[in-house]
Amino acid sequence: AAEAVALFDVIETVDRDRLIQALARAGEKRGQAPRVLIQVNTGLEDQKAGVAPDAADALIANARAAGLLVEGLMCIPPVDAPSETHFRLLAEIAARSDITLSLEVVNRYETNICNTAAQGVEMAKLVGAPNVKVHLDVYHMNIEESDIAQAIVDAGPHIGYFHTGDSHRGYMGSGSV
């Protein structure tokens, strides 16, 4: 936990009190409040990590009480279930803790849920919760979008988070974007 707190801006996949306490101790030693994303196992799948949905509110409260900054929630929906159902459940949990979700649009080589900005907007609309936004990443957009600028304009009011970087995840201007 100490190395993670020292190295990373945000720590993903936090799903148990023992990890929360370790991160809190490490943050206290460094004089900082670690920023975390809580992993929720919305499908209650044995092969996946994550807190059960009915225990998520308590885990979020415990993380905040321990001094962690809960920046968001994460889930990976079951492959054989409609993703929007699981994102809707996650949005309900998030809303109770005043958290805004950003659905990350990722290229086809990494997922088949949302690959373009338009698909991300459509998923956010299907979820239908005011605390659900779209997360765009130039790296993935470079693979999937035929017109990155227009995709950003079209998704505009739905964007909640935006990653910049070049085509190879390097600094802007160092690749082909």
Shared hydrophobic cluster, Val134 / Leu126 (ILVMFWY, side-chain heavy atoms < 4.5 Å):
no
Would a distance-only check, ignoring hydrogens and angles, find a side-chain to backbone donor-acceptor pair under 3.5 Å from Lys48 to Pro77?
yes
Kindly indicate, with the supporting measurements, whether the criterion side chain to side chain contact (heavy atoms under 4.5 Å, CB included) is fulfilled by His158 and Lys125.
CA-CA 9 Å; His158 302 281; Lys125 288 178 179 179; 3.9 Å; yes
Any Ile93 side-chain heavy atom under 4.5 Å of Pro53 side chain:
yes
Between Asp154 and Val121, is a side chain to side chain contact (heavy atoms under 4.5 Å, CB included) present by the stated rule, with each step listed?
CA-CA 9 Å; Asp154 292 346; Val121 169; over 6 Å; no
Spacing of CG belonging to Asn107 relative to CG belonging to Asn112, to within rounding of 0.5 Å
11.5 Å
Report the distance from atom CD1 of Ile38 to atom CG of Asp57, rounding to the nearest 0.5 Å.
11.5 Å
Separation of His86 NE2 from Ile113 CD1 (nearest 0.5 Å):
10.0 Å
Same apolar cluster (I L V M F W Y, side chains within < 4.5 Å links), Val132/Val70:
yes
Any side-chain heavy-atom pair from Asn41 and Glu45 closer than 4.5 angstrom?
yes
Treating Ile, Leu, Val, Met, Phe, Trp and Tyr as nodes and any side-chain heavy-atom pair under 4.5 angstrom as an edge, say whether Ile76 and Val51 lie in one connected cluster.
no
Should Thr42 and Phe87 count as side-chain neighbours, where that means a heavy-atom distance under 4.5 Å?
no
Where at least one partner belongs to residues 116-157, residue pairs that pass ring pair (Phe, Tyr, Trp, His ring centres under 6.0 Å), sequence neighbours excluded:
His135-Tyr161, His135-His163
Pairwise distance CD(Glu12) to CG(Leu73) - rounded to 0.5 angstrom:
12.0 Å
If you group Ile, Leu, Val, Met, Phe, Trp and Tyr by side-chain heavy-atom gaps below 4.5 Å, do Ile99 and Ile20 land in one group?
yes
Point-to-point distance, once rounded to the nearest 0.5 Å, from CD of Gln39 to OG1 of Thr13
5.0 Å
Compare every heavy atom of Val127 with every heavy atom of Ala91, then report the nearest pair and how far apart it is.
CB-CG1, 4.2 Å
Min side-chain heavy-atom separation Val106-Asp137 under 4.5 Å:
no
Using a 3.5 Å distance criterion without hydrogens, assess whether the side chain of Glu104 forms a donor-acceptor pair with backbone atoms of Leu136.
no
In terms of hydrophobic clustering (I, L, V, M, F, W, Y; side-chain heavy atoms under 4.5 Å; direct or indirect links), are Leu7 and Ile11 co-clustered?
yes
To the nearest 0.5 Å, what is the distance between CD on Glu92 and CZ on Arg96?
7.0 Å
Does a side-chain heavy-atom distance below 4.5 Å link Asn115 with Thr111?
yes
Joining Ile, Leu, Val, Met, Phe, Trp and Tyr whenever any side-chain heavy atoms lie under 4.5 Å apart, the cluster holding Met74 also takes in Val10, Leu37
Can you give me the closest heavy-atom contact between Gly160 and Ser102, atom names plus distance?
C-OG, 3.9 Å
If we only count heavy atoms from C-beta on, is the Ser97 to Arg64 side-chain gap below 4.5 Å?
yes
Are Leu90 and Leu101 side-chain neighbours, meaning at least one heavy-atom pair lies under 4.5 Å?
yes
Donor-acceptor under 3.5 Å (Gln119 side chain, Thr116 main chain)
yes
I'd like to know if the side chain of Asp15 reaches the main chain of Gly50, judged simply by a donor and an acceptor atom lying under 3.5 Å from each other, with no hydrogens or angles considered.
yes
Show me the donor-acceptor pairs within less than 3.5 Å that the side chains of residues 21-35 make with the rest of the protein, sequence neighbours left out.
| from | atom 1 | to | atom 2 | distance (Å) |
| --- | --- | --- | --- | --- |
| Arg30 | NE | Gln32 | OE1 | 3.0 |
| Gln32 | NE2 | Val5 | O | 3.4 |
| Arg35 | NE | Glu71 | OE2 | 3.2 |

Measuring only between side-chain heavy atoms, which start at C-beta, is Leu103 closer than 4.5 Å to Lys133?
no
Answer yes or no: are there more than 12 heavy-atom neighbours, outside Asp98 itself, under 6.0 Å from its atom CG?
no
